[in-house]
There are 2 protein chains.
Amino acid sequence: MITPTTAVLRDQVYDRLGALIRGGHFSPGEKITIRDLAKNLSMSPTPVREALYRLISEGVLQGEVNRSAVVPLLMPEQIAELKDIRLHIECFAAERAALKGTPEIADALRKTSEKLKTARAAGDRRTDIALVYKFQFELYAACSMPDLIRIINSLWLKTGPYLNLLYPHYIASISAGRGDWRERIASGVEKRDAAAVAEEIRLDIDQALTYISSIITAAALLNQTRG
Amino acid sequence: MITPTTAVLRDQVYDRLGALIRGGHFSPGEKITIRDLAKNLSMSPTPVREALYRLISEGVLQGEVNRSAVVPLLMPEQIAELKDIRLHIECFAAERAALKGTPEIADALRKTSEKLKTARAAGDRRTDIALVYKFQFELYAACSMPDLIRIINSLWLKTGPYLNLLYPHYIASISAGRGDWRERIASGVEKRDAAAVAEEIRLDIDQALTYISSIITAAALLNQTRG
DNA sequence: GATTTAAATGATTGATCAAAATAAGGAAGC
DNA sequence: GCTTCCTTATTTTGATCAATCATTTAAATC
């Protein structure tokens with residue numbers, strides 16, 4: 001997992017918060033205050049504020065001027081935008097990664113995929129989500145484009161708070177419907193079949209974000225009815 | 001509007017630095033120190049450090065731990081990566097923008113293009129570069145995808161320090177060779193011809209960054225010879 | 001040229017300021 | 001009498017600053 005223990009406090013905060021957000025530990029609409037977080041992490045407010053500033057500047061968190069940071073409540077249109085962007089950028093990264101694929105990378109992907117199956121079978125959602133992230137970024141890292149990885153990372157942080165919506169129904173239906181698509185990615189990397197790898201990524205992003213969008217829409221309708 | 005300047009100092013610093021970087025006012029390899037900049041801007045080091053942190057986290061500036069920020073010296077491979085990413089993302093944005101095009105947007109683009117011609121004819125490089133930026137982001141803004149705009153903005157900041165290399169030779173040869181391509185973009189937006197608009201953007205990015213890359217390579221060879 | 005010392009510089013802290021959210025109180029209206 | 005709304009005071013909280021600490025660069029000395 002990508003958690004380099006940097007000496008610099010603000011980066012530590014950024015990494016830890018990022019892991020929490022990616023893991024779906026924050027709910028949309030949740031408020032994050034500098035002082036509370038600083039107290040929890042036993043440090044002064046400054047590094048915490050700097051980490052939050054970075055997340056806000058990336059659009060991961062939302063922050064009005066002189067106000068707390070909040071996890072954004074995304075509308076279906078914003079989910080659609082994220083889907084659109086992720087489809088283009090991640091399929092691109094997946095293609096490039098596949099073209100530079102090696103047996104070693106394919107093995108690493110298979111190993112991660114196996115661990116993921118184990119965690120999923122055990123119902124360990126935390127590990128599950130972490131390994132989903134690990135698998136995909138092991139793939140993307142193969143394209144050796146750090147600027148691109150950074151962009152994708154930021155996009156994943158934006159979808160992070162909504163990942164919980166996928167469990168358990170969507171996840172179950174997917175493993176029933178699409179079979180072992182991570183294995184197909186691994187073998188695609190082995191064979192350097194860029195189109196096949198990109199197509200698997202495309203399906204994953206498309207289906208997952210479509211599902212999330214429908215849940216959000218349904219919830220909005222329900223709230224409207226309630227009043 | 002009374003004060004278009006953001007109330008928050010760190011954002012002011014970020015905006016000002018960003019404008020300077022985009023305008024090519026910083027040279028690759030140039031060092032930026034917090035205290036100097038803070039003194040120049042008459043403020044304490046804190047907001048300056050936060051703005052620099054943001055630029056570093058975006059990959060616009062380079063910063064080792066506990067070291068000053070420097071404008072990165074890009075190798076040809078890194079320019080190639082930037083070109084690759086920009087080609088994919090900006091062509092995507094251009095297509096979407098064209099699909100949502102209106103006569104008003106086309107008019108605005110034409111107006112900016114005319115101003116650009118005037119500045120270029122007058123040899124006003126500063127205005128020239130600013131208007132090149134304005135034109136392209138007026139186009140991209142039409143797609144109404146704020147997350148995408150943010151990504152492209154960060155990519156432009158990375159190429160900013162190398163824009164000066166395009167003047168005056170490349171700029172002259174382009175206006176001779178490709179004619180009024182910005183007018184073709186404007187009319188493409190009018191006709192909602194996504195493919196045509198994307199193709200013009202593709203050519204622009206491809207040619208400009210290929211040129212920059214060749215200049216860097218040539219300069220590196222020269223330095224090597226000198227020893 | 002290597003080692004030690006001094007200066008420069010970034011990171012972190014705690015204090016202070018300002019703005020916003022919240023709580024409290026009271027007046028007006030039903 | 002009760003509620004509602006507005007005003008005011010208190011508290012919370014973010015931004016900024018200045019001081020301190022730690023590290024790195026440079027300067028100086030041997």
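Residue numbers begin at 1 in each chain, while the letters A, B, ... track the order of the sequences.
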| Between D128(A) and R125(A), is there a salt bridge with N-O shorter than 4.0 Å? | no
| query | Does Y162(B) have any ring pair (Phe, Tyr, Trp, His ring centres under 6.0 Å) partners at least two apart in sequence or in another chain, and if so, which? | reply | none
| request: Assign a letter to each nucleotide of nucleotides 8-13 of chain D from its 5' end: B, base within under 4.0 Å of a protein heavy atom; S, sugar-phosphate only; -, no contact. | output: -----B
Which pairs would a plain distance check flag for residues 67-79 of chain A, meaning a side-chain donor or acceptor within less than 3.5 Å of a matching protein atom at least two apart in sequence or in another chain?
from, atom 1, to, atom 2, distance (Å)
Q78(A), OE1, M75(A), N, 2.8

| request: Sequence neighbours left out, what passes ring pair (Phe, Tyr, Trp, His ring centres under 6.0 Å) with H169(B)? Give chain and number order. | output: Y211(B)
| message | Strictly distance-based, threshold 3.5 Å: is any side-chain N or O of T102(A) a donor or acceptor partner for the main-chain N or O of I105(A)? | response | yes
| query | Do R16(A) and L41(A) come within less than 4.5 Å of each other through their side chains, counting heavy atoms only? | reply | yes
| field | Close approaches to DNA chain D from residues 37-59 of chain A, in residue order (heavy atom, under 4.0 Å) | value | R49(A)
| request: Could you tell me whether E138(A) and K134(A) make a salt bridge, using a distance below 4.0 angstrom between a side-chain N and a carboxylate O? | output: yes
| note | Students should find that the nucleotides of DNA chain C closing off the region near chain B, any atom under 4.0 angstrom from a heavy atom, are dT9(C) to dT12(C)
| Salt-bridged, D36(B) to K39(B), with N to O below 4.0 Å? | no
| Is E90(A) salt-bridged to R202(A), going by a charged N under 4.0 Å from an acidic O? | no
| Sub-3.5 Å donor-acceptor pair from the side chain of R150(A) to the main-chain atoms of S57(B), do we have one? | yes
